[in-house]
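Here is the structure we will look at, set down as structure tokens.
Just so it is clear, the structure is predicted and the values come from calculations on it, not from any experiment.
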Amino acid sequence: MIKNRIFKDIKFAFEDLKLELNENFTVEIPNSVNHGDFSTNACLISAKPNKMSPKIIAEKVIELLKTKKMYREIEIAGPGFINFHIKPSHFKKILVSVNEEGDDYGRTTYGKEAKILIEFISANPTGPLNIVSARAAAYGDSLYRIMSFAGFRPIREFYINDAGNQVDILAESVELRYRELHNEDIGEFPVEAYHGEYIIDLAALLNTTEGSKLLHISERDRLTKMKEFALAEIHNMQVESLEKFDVQFDNWVSEKSLRAQGVVEEVLSFLAEADCTFEMEEAIWFNSTKFGDDKNRVLMKADGTITYIVPDLAYHLTKLQRGNDVLIDVLGPDHHGYVPRLRAGIQALGYDDSCLEVIFLQQVNLFDQGEKVKMSKRLGKMVTMDDLIDEVGKDAARFFFINRKPSAHLNFDLELAKKKTSENPVFYCQYAHARICSIIKKAEKDKLKLANFDEKYLKKLNKDDEMLIMRKLGDFQHVLCGIADSREPHRLAEYLIELAGMFHKYYQKYTISNKRYKELSIARLYLINAVRIVLKNGLNLIGVSAPTSM
RNA sequence: GCGCCAGUAGCUCAGUUGGAUAGAGCAACGGCCUUCUAAGCCGUGGGUCUGGGGUUCGAAUCCCUACUGGCGUGCCA
């Protein structure tokens, strides 16, 4: 990586000159072509600690680096930037790496195998996954893929809230529909119950195996049966939807089984012994304000049942005990009020809460024909993840979800996602890939084969546009490491759109393959094949297919 | 009231973590297929980066403040 070598060279130069270096300096691809191939602000931001003008520092640094073979030219610019011009031969080395490493190009050991637990979706097992879960799925899974590729050791985890109030309501909802099926008068369907069609389907499905048998057992047994049945069915439904979305999990953690293991009691007694609880109005409270929460929270209600925070805290305790370095929780926007008490709990349990990182995904609004699609949970009018995949396809859905930074609201344009035209960014990228495949295939018929490539042909590549593409390809690792650190996969979508754009322009401007110029053609095929590899690897990291023809 | 997120071109959004002249794509207008995929490319127009202060060599980016929009502020999960 050229960028890394420049980093090292600068560090070396400062050391040699016995100057203090502000380690936050950057090496960037400048936005203007007049500013060289790479530029650094190292001298600017190190001016103060050295009490020297940035330009004088830059002069000294340049004097030292001039001897290095990689640079064609180094110059001072503006207030004290250093602009580097790289020799073409060094850009061409990138092409060789890409072509030789193939599917592994871009993979690094950057993350040093740090264990990162990514918890995402964790939707209630009370219904089909909705579009917010779909966004979380696309985000969490892409982050996982990118972090793996960048040398971290991430784990994907889904927490199932299969205990508590909402699953009781689920059981009651199915039970009512079941009795309705047997022509019982159930009165008006309760407002707080689950109204979706899927509840009726579940009752019907249960009826095919059990018939009217369940009407004759006790209500308690019936509800238990309903609950187990519904939870299992809905879980399978969710797993199926996720499979269609190419999203898999390493662990599914059940709240019910956590409770059964006694972790909940452990947490309660630990907090009591640590003097973090008190009793008031027959309830047991956690004095979370001591740890920065804005009010104290109930742990156990007067009726002896526990609140949500307790098992969730127990769950986070197990994450810590498993030796993870960083815990990433991907949550919906409506959960941000919840985080201070979670942090308080982690501190009370004796851990540093700085390992907990919470990513809030903002809400998703669907638009169709310019109109906002209205949804109502209460009326069961939800657009599910399955609906969305059926409507626009997995590739478009995943790309669109990832194409926006997590903290921004997402306006999902269904009409655009369905369009198979250039307006649709996912097709723009896929088309570039397909186009390259087609050119390579066509060239083979003309006896211009990549297999016949020889490194000496690289001298035929001497256009500025070609250097720009090589530089872009060489930036891939750097982009991925930045994404892993910032947890912002949307940058990969940006990168791919830019790379696809560079290729489309290049294709338009130059003839890539022509029988009359064998060496030039094969060299250019080698170049676009590298573009193809990076597009494919990048698309794969966001779960989007790279078609060979369209 | 308090807290979180956002406010950049007519629309949807980027902006390399404080860098050089703020960029794409749509939409509008004008061009490019006898040649490798026109699902593409080229060109033109479009900006008080919500307003106002501050920090410094340098601010869309950091701090303060006002405004606007979304969400939260359960002994729900």
Side-chain angles (χ1 to χ4, degrees), chain A residues 24 26-32 34-35 39-41 44-45 47-48 53-54 77-81 83 122-124 126 161 164-167 169 192 255 281-285 294-295 297-303 305-309 312 332-340 360 362-363 365 367 370 403-411 413 416 419-425 427-428 430-432 434-443 446 448 475 478-479 482 485-486 488 490-491 493-495 497-498 501 503-514 521 524-525 528 549-550:
Chain A
N24 293 324
T26 56
V27 175
E28 297 172 344
I29 293 179
N31 43 28
S32 162
N34 301 323
H35 297 149
S39 77
T40 182
N41 61 355
L44 280 165
I45 65 169
K48 214 169 235 178
S53 109
F81 290 99
N83 294 341
S122 295
N124 283 339
T126 53
N161 296 123
N165 229 336
Q166 78 287 352
V167 287
I169 296 172
E192 68 278 6
E255 178 183 349
E281 292 165 357
E282 292 175 44
I284 297 173
W285 294 65
D294 53 0
K295 53 176 113 163
R297 309 291 173 175
V298 169
L299 297 175
M300 187 181 279
K301 298 178 252 181
D303 66 3
T305 59
I306 51 172
T307 61
Y308 173 73
I309 179 80
D312 198 32
D334 49 339
H335 282 68
H336 71 250
Y338 173 73
V339 172
F360 292 108
Q362 291 298 320
Q363 69 184 75
N365 294 315
F367 284 81
N403 194 20
R404 212 110 297 171
K405 65 181 166 198
S407 60
H409 288 215
L410 178 70
N411 290 329
D413 187 337
L416 178 62
K419 270 190 188 164
K420 307 204 166 184
T421 72
S422 61
E423 296 163 52
N424 186 348
F427 279 92
Y428 188 72
Q430 290 181 316
Y431 180 51
R435 213 178 206 184
I436 294 171
C437 292
S438 154
I439 294 165
I440 292 173
K441 208 169 157 188
K442 176 89 191 320
D446 293 339
L448 295 167
D475 207 29
H478 193 257
V479 169
D485 279 338
S486 63
E488 291 182 332
H490 74 277
R491 290 198 209 166
E494 287 292 317
Y495 175 89
I497 292 169
E498 280 167 20
F503 165 72
H504 285 308
K505 286 178 182 118
Y506 179 69
Y507 164 83
Q508 211 70 39
K509 198 165 165 185
Y510 304 96
T511 303
I512 290 163
S513 151
N514 183 334
S521 295
R524 286 186 171 165
L525 288 167
I528 65 165
S549 69
M550 287 172 81

Counting the atoms with a prime plus P, OP1 and OP2 as sugar-phosphate, which does A/I45 contact under 4.0 Å by heavy atoms, base, sugar-phosphate, or nothing? base
Using the P atom as the point on both nucleotides, what is the distance between B/rA9 and B/rG23, in whole Å? 14 Å
So which protein nitrogen or oxygen atoms get under 3.5 Å of nucleotides 34-38 of chain B's nitrogens or oxygens?
unit_1, atom_1, unit_2, atom_2, d
B/rC36, O2, A/S513, N, 3.1
B/rC36, N3, A/I512, N, 3.1
B/rC36, N4, A/Y507, O, 2.6
B/rC36, N4, A/Y510, O, 2.7
B/rU37, OP1, A/S438, OG, 2.8
B/rU37, OP2, A/S438, OG, 3.3
B/rU37, O2', A/Y431, OH, 2.4
B/rU37, O2', A/R435, NE, 2.6
B/rU37, O2', A/R435, NH2, 3.4
B/rU37, O4, A/A434, O, 3.2
B/rU37, O4, A/M550, N, 3.4
B/rA38, OP2, A/R435, NH2, 2.3
B/rA38, OP2, A/Y507, OH, 3.1

Value in whole Å for how far the C1' atom of B/rU17 lies from CG of A/N24: 10 Å
Using whole Å, report how far CD1 of A/I29 lies from P of B/rG23. 16 Å
Nearest-0.5 Å distance, NZ of residue A/K301 to CD1 of residue A/I284: 13.0 Å
Looking at B/rA20, which nucleotide sits across from it as a Watson-Crick or G-U wobble partner, both distances under 3.5 angstrom, or is there none? none
Report the base-pairing partner of B/rA59 (Watson-Crick or G-U wobble, both distances below 3.5 angstrom), or none. none
Minimal non-hydrogen separation, A/L416 against A/N424, with atom names: O-ND2, 3.1 Å
Touch check for A/A432, heavy atoms < 4.0 angstrom, all strands: base, sugar-phosphate only, or nothing? nothing
Closest to the A/S486 side chain: B/rG15, B/rU17, B/rU12? B/rU17
Do A/H336 side-chain atoms and A/P333 backbone N/O form a donor-acceptor pair below 3.5 Å? yes
Here the distance between atom P of B/rA22 and atom CD of A/E494, to the nearest Å, is 19 Å
Distance, P atom - from B/rU16 to B/rC63, rounded to whole angstrom: 16 Å
Need the glycosidic conformation of B/rC36: syn if within 90° of 0, anti if not. Which one? anti
I need the minimum non-hydrogen distance between A/T26 and A/E28, along with the two atoms involved. OG1-OE2, 3.4 Å
Which value, in whole Å, describes the distance between the P atoms of nucleotides B/rC2 and B/rC64? 15 Å
Does A/R491 form a side-chain contact (heavy atoms from CB on, under 4.5 Å) with A/S486? I'd like the steps, not just the answer. CA-CA 10 Å; A/R491 290 198 209 166; A/S486 63; 3.3 Å; yes
Take atom C1' in B/rC36 and the same atom in B/rC41, then report the distance between them in whole Å. 15 Å
A/I512 CD1 to A/I528 CD1 distance, which is reported to the nearest 0.5 Å: 4.5 Å
From the list B/rC5, B/rC41, B/rC76, which nucleotide is the closest neighbour of the side chain of A/K505? B/rC41
Whole-Å P distance, B/rA60 and B/rU17: 16 Å
Once you apply the 3.5 Å cut-off to both distances, tell me the Watson-Crick or G-U wobble partner of B/rU35, or none. none
Is there a Watson-Crick or G-U wobble partner for B/rG72 with both distances under 3.5 Å, and if so, which one is it? B/rC2
Check for a donor-acceptor pair, side chain of A/Q430 on one end and backbone N or O of A/M550 on the other, with a separation under 3.5 Å. no
How far does the C1' atom of B/rA14 sit from the matching atom of B/rA6, given to the nearest Å? 15 Å
In whole angstroms, the gap separating P of B/rC26 from CZ of A/F367 amounts to 20 Å
Any N or O donor-acceptor pair linking the side chain of A/T307 to the base of B/rA77 at under 3.5 Å? no
Can you tell me how far apart CD (A/E255) and CG (A/D312) are? Round to the nearest 0.5 Å. 8.0 Å
Distance in Å, A/R404 CZ paired with A/H490 NE2, rounded so as to fall on 0.5 Å steps: 9.5 Å
As an exercise, state the distance from CD1 of A/I436 to CG of A/L525, rounded to the nearest 0.5 Å. 10.5 Å
To the side chain of A/N31, which of B/rG15, B/rU21, B/rA20 is closest? B/rA20
Select one nucleotide: of B/rG7, B/rC57, B/rC5, the one nearest the side-chain heavy atoms of A/L44. B/rC57
N/O contacts under 3.5 Å, protein versus nucleotides 70-74 of chain B?
unit_1, atom_1, unit_2, atom_2, d
B/rG70, O2', A/Q363, OE1, 2.8
B/rU73, O3', A/K295, NZ, 3.4
B/rG74, OP2, A/K295, NZ, 2.6

Are the side chain of A/D446 and the backbone N or O of A/L448 linked by a donor-acceptor pair below 3.5 Å? no
Pairing partner of B/rA14, by Watson-Crick or G-U wobble and under 3.5 Å for both distances, is none
Rounded to whole angstrom, note down the C1' distance from B/rG30 over to B/rU65. 47 Å
What's the CZ-C1' distance between A/R491 and B/rA14, to the nearest Å? 11 Å
ring centroid sep under 5.5 Å plus plane angle under 30, A/F81 with B/rA20: yes
Would you check if the side chain of A/H504 reaches a backbone N or O of A/Y431 as a donor-acceptor pair within less than 3.5 Å? no
To the nearest Å, how far apart are A/N165 CG and B/rC75 P? 13 Å
Value rounded to 0.5 Å, distance of CD1 in A/I439 from OG in A/S521: 11.5 Å
Closest nucleotide of RNA chain B for A/H490 versus for A/N124: which of these residues is on the 5' side? A/H490
Write down the partner of B/rA66 under the Watson-Crick or G-U wobble criteria, each distance required to be under 3.5 Å. B/rU50
Distance check needed: B/rA24 P versus A/L416 CG, whole Å only. 19 Å
In whole angstrom, what separates A/N403's CG from B/rG25's P? 14 Å
B/rC13 to B/rU8 separation - P atoms, rounded to the nearest Å: 9 Å
Quick check on B/rC13: is either OP1 or OP2 less than 4.0 Å from any side-chain nitrogen or oxygen of A/N411? yes
Taking O4'-C1'-N9-C4 for purines and O4'-C1'-N1-C2 for pyrimidines, is B/rU61 syn (within 90° of 0) or anti? anti
Would you kindly compare A/T40 and A/K301 by the position of their nearest RNA chain B nucleotide and give the one closer to the 5′ end? A/T40
If you compare every side-chain N and O of A/N41 against the phosphate oxygens of B/rG18 (OP1, OP2), does one of them come in below 4.0 Å? no
Looking at the side chain of A/T26, which of B/rU17, B/rC75, B/rA39 is the nearest nucleotide? B/rU17
